[in-house]
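Worksheet for the structure shown next.
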Amino acid sequence: MMHSGSEPELHTIIFSTNATGVPDDTEPEMTNRNRDPGDLISLRTQTQCATLWKTWRPDARVRVVGNIAAAIQVAEAVAHEGKFQALVTGSLHLVGGFIRLLDRSSTTIR
């Protein structure tokens, strides 16, 4: 979705950890062992990114969530507001976890 300028219009930005949020999803390839567990609990990195984003685009709705499943729930709520496109970026763990949950779910976003 483009507006009159040359930059894409981003209404809702969601920052999440790479944890899927599914209790039985503990496959080793989905676990990033290079992160401080305290960082994940406090959402420090996600909060820092959200703060930076708000300085760049103060009018954007910025959300910080604790896991990918929660991010999908926020995205579904946004999708119900009208036309919707999603861009998922991040580590292989985050994007892979997102794809994994979409494949398993009956979500309306595809």
Side-chain angles (χ1 to χ4, degrees):
M1 186 182 327
M2 301 292 279
H3 62 84
S4 59
S6 61
E7 296 180 26
E9 191 172 339
L10 301 172
H11 295 286
T12 304
I13 315 305
I14 307 165
F15 292 98
S16 171
T17 67
N18 58 15
T20 61
V22 177
D24 63 342
D25 198 5
T26 58
E27 294 189 32
E29 71 271 8
M30 297 305 294
T31 304
N32 182 353
R33 300 192 195 293
N34 295 321
R35 298 292 306 198
D36 174 9
D39 229 12
L40 294 176
I41 293 167
S42 70
L43 303 174
R44 184 174 61 193
T45 301
Q46 291 74 21
T47 302
Q48 288 173 341
C49 290
T51 300
L52 281 171
W53 193 279
K54 285 298 277 185
T55 63
W56 182 55
R57 291 280 195 236
D59 57 330
R61 293 185 291 181
V62 178
R63 296 283 309 270
V64 174
V65 296
N67 57 59
I68 299 166
I72 290 173
Q73 289 176 342
V74 172
E76 286 177 320
V78 171
H80 290 296
E81 295 174 10
K83 190 172 180 179
F84 173 80
Q85 291 181 345
L87 170 65
V88 179
T89 66
S91 69
L92 180 61
H93 295 101
L94 181 105
V95 176
F98 183 84
I99 292 169
R100 179 189 210 113
L101 289 185
L102 281 183
D103 284 347
R104 290 182 180 176
S105 76
S106 61
T107 183
T108 57
I109 59 174
R110 290 273 186 236

- Item | Euclidean distance, K54 NZ relative to D59 CG, rounded to 0.5 Å | 7.0 Å
- Query: Between the main-chain N or O of I68 and the side-chain N or O of T20, is there a donor-acceptor pair closer than 3.5 Å?
  - Reply: no
- Mind listing the closest non-hydrogen atom pair of E76 and H80 along with its distance? O-CD2, 2.8 Å
- Between atom CZ of R61 and atom CD1 of I13, what is the distance when rounded to the nearest 0.5 Å? 10.0 Å
- If Ile, Leu, Val, Met, Phe, Trp and Tyr residues are connected whenever their side-chain heavy atoms lie under 4.5 Å apart, and connections chain through other members, are L87 and I14 in the same group? no
- Looking only at heavy atoms, which two atoms of L94 and T17 are closest? And how far apart? CD1-O, 3.2 Å
- What's the shortest heavy-atom distance between T47 and S42, and which atoms? OG1-O, 4.4 Å
- Item | With S16, the side chain to side chain contact (heavy atoms under 4.5 Å, CB included) member among V74, V65, I72 | V65
- Query: For the residue pair V62 and A50, what are the closest heavy atoms and their distance?
  - Reply: CG1-CB, 3.4 Å
- Item | Single hit among L101, L102, D103 for side chain to side chain contact (heavy atoms under 4.5 Å, CB included) with I99 | D103
